[in-house]
Amino acid sequence: MIISSWNVNSVRARIDNIKDYLKNYSPEILLMQEIKTEDPNFPYDDFKKLNYESYVFGQKSYNGVAIISKKKLENVRTDLINDKLKQSRIISGEFILKKRKIQIINIYTPNGNPVDTDKYTYKIKWLDDLIKQLKILAKMNENIILAGDFNIIPSAEDVYNVKSFEDDALYRLEIRKKLREIINMGYIDGYRHLHATKEGYTFWDYMRGAWQKNNGMRIDHFLISNSLINLLKGVKINKNPRGKTKPSDHTPIEIELA
DNA sequence: ATGGCACATGCAATGTGA
């Protein structure tokens with residue numbers, strides 16, 4: 001089965017591109033971030049016509065996450081982080097594969113820039129809350145897939161110009177340490193696990209011809225708990241949607257499990 | 001340091017993203 005994650009930058013503005021993607025690549029499950037709409041305005045019908053169930057944690061104007069799945073998910077939760085700012089950034093559900101119950105968690109981590117503001121402290125707090133929750137969840141079920149827009153560049157080779165990101169909220173040492181802390185709890189970075197050196201950008205800015213110049217960064221990730229490594233058959237960045245007209249500034253990352 | 005693009009709100013101009 002293919003599971004995909006894509007920061008769509010507005011589900012309504014992107015609906016034609018998303019439908020094209022689903023028709024062409026037919027992922028079993030698609031995690032979306034930055035849907036930028038409230039639940040009542042989510043295009044449930046468009047996805048229903050393509051045989052997907054929708055699970056939505058929406059928000060007006062900003063943020064918002066959703067999961068669409070060909071098979072129904074169990075135990076869908078949007079309460080994993082008690083967010084004082086009430087931003088919709090996390091949704092999870094469960095499915096069965098090879099007799100194993102797997103919890104899939106879709107996240108949209110705060111950007112955190114500029115670094116000397118409460119936006120940055122919010123990002124740190126949000127990641128700390130996530131880490132706490134992951135420790136609780138792992139005691140109940142070790143089979144976890146944590147995926148989405150992490151807004152974290154893991155390493156220098158994951159960004160086109162690392163010098164300009166050294167004190168950026170996407171790359172600061174303190175932020176990279178949070179990602180390492182999660183991985184050290186018992187996960188692999190799916191992409192890097194299977195592609196030791198290959199460039200894997202998932203985001204290119206709309207501005208200054210970033211896509212044309214390949215000024216990208218790898219900030220969307222699939223973390224797979226160690227218990228599931230033997231099910232992981234492939235991880236790929238699908239650059240096709242980023243080259244379409246009216247694209248999102250992110251492109252999907254896809255894993256294959258079997 | 002900023003924000004040239006693109007989104008939302010709501011109808012003009014502003015906030016946000018990374």
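Throughout, a chain's letter reflects where its sequence line sits, starting with A, and its residues are numbered from 1.
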Inset, instruction - Name the nucleic acid region contacted by A/N151, choosing base, sugar-phosphate or nothing; use a 4.0 angstrom heavy-atom cut-off, strictly under. - result: sugar-phosphate
Inset, instruction - For A/K119, answer base if it contacts any base atom (sugar-phosphate contacts may also be present), sugar-phosphate if it contacts only those atoms, and nothing otherwise; contact means non-hydrogen atoms under 4.0 Å. - result: sugar-phosphate
Legend entry - A/H250 side-chain N/O to B/dA18 phosphate OP1/OP2 under 4.0 Å: yes
Legend entry - A/K233 NZ: over 12 foreign heavy atoms closer than 6.0 Å: yes
Legend entry - Lys/Arg cation over aromatic A/F203: A/R218, 6.0 Å, 45° cone: no
Legend entry - Of the listed nucleotides B/dG10, B/dA18, B/dG17, the one nearest the side chain of A/Y206: B/dG17
Legend entry - Nearest-angstrom distance from the residue atom CD1 of A/I15 to P of B/dC7: 14 Å
Inset, instruction - Using the P atoms only, state how far B/dT2 lies from B/dA12, rounded to an integer number of Å. - result: 30 Å
Legend entry - Shortest side-chain distance from A/R12, nucleotide among B/dC7, B/dT9, B/dA18: B/dT9
Inset, instruction - Could you tell me whether the side chains of A/S227 and A/N143 share a donor-acceptor contact shorter than 3.5 Å? - result: yes
Inset, instruction - Compute both the distance and the angle, then confirm whether A/R172 meets the cation-pi test with A/Y120: under 6.0 Å from the six-membered ring centre, within 45 degrees of the axis. - result: yes
Inset, instruction - Report the residue (A/N63 or A/M207) whose heavy-atom-nearest nucleotide on DNA chain B is the more 5′ of the two. - result: A/M207
Legend entry - P atoms of B/dA6 and B/dG10, separation to the nearest Å: 23 Å
Legend entry - Whole-Å C1' distance, B/dC11 and B/dA1: 32 Å
Legend entry - Short side-chain N/O contact from A/K36 to OP1 or OP2 of B/dG17, under 4.0 Å: no
Inset, instruction - Could you check which of B/dA18, B/dC5, B/dG15 has an atom nearest any side-chain atom of A/Y62? - result: B/dG15
Legend entry - Per A/I219 side chain, nearest of listed nucleotides B/dA18, B/dA8, B/dG17: B/dA18
Legend entry - Residue A/K60, side-chain heavy atoms: nucleotide from B/dG17, B/dC7, B/dT9 that is nearest: B/dT9
Legend entry - Rounded interatomic separation in angstrom, taking OH from A/Y160 and C1' from B/dA18: 10 Å
Inset, instruction - Can you tell me, in whole Å, how much space there is between the C1' of B/dC7 and that of B/dA18? - result: 14 Å
Inset, instruction - Using a heavy-atom cut-off of under 4.0 Å over every strand shown, decide if A/F150 touches base, sugar-phosphate, or nothing. - result: nothing
Inset, instruction - Hey, which sits more toward the 5' end of DNA chain B by its nearest nucleotide, A/N113 or A/E38? - result: A/E38
Inset, instruction - Have a look at A/N7 and say if it touches a base, only the backbone sugar-phosphate, or nothing, with a 4.0 Å heavy-atom cut-off. - result: sugar-phosphate
Legend entry - Nearest to side-chain heavy atoms of A/R89, which nucleotide of B/dA8, B/dA18, B/dG17: B/dG17
Legend entry - Check against ring-ring contact (aromatic ring centres under 6.0 Å, His included), A/Y201 and A/Y160: CA-CA 9 Å; A/Y201 297 161; A/Y160 68 99; 7.4 Å; no
Inset, instruction - Would you mind classifying the nucleic acid contact of A/D149 as base, sugar-phosphate or nothing, using non-hydrogen atoms under 4.0 angstrom? - result: sugar-phosphate
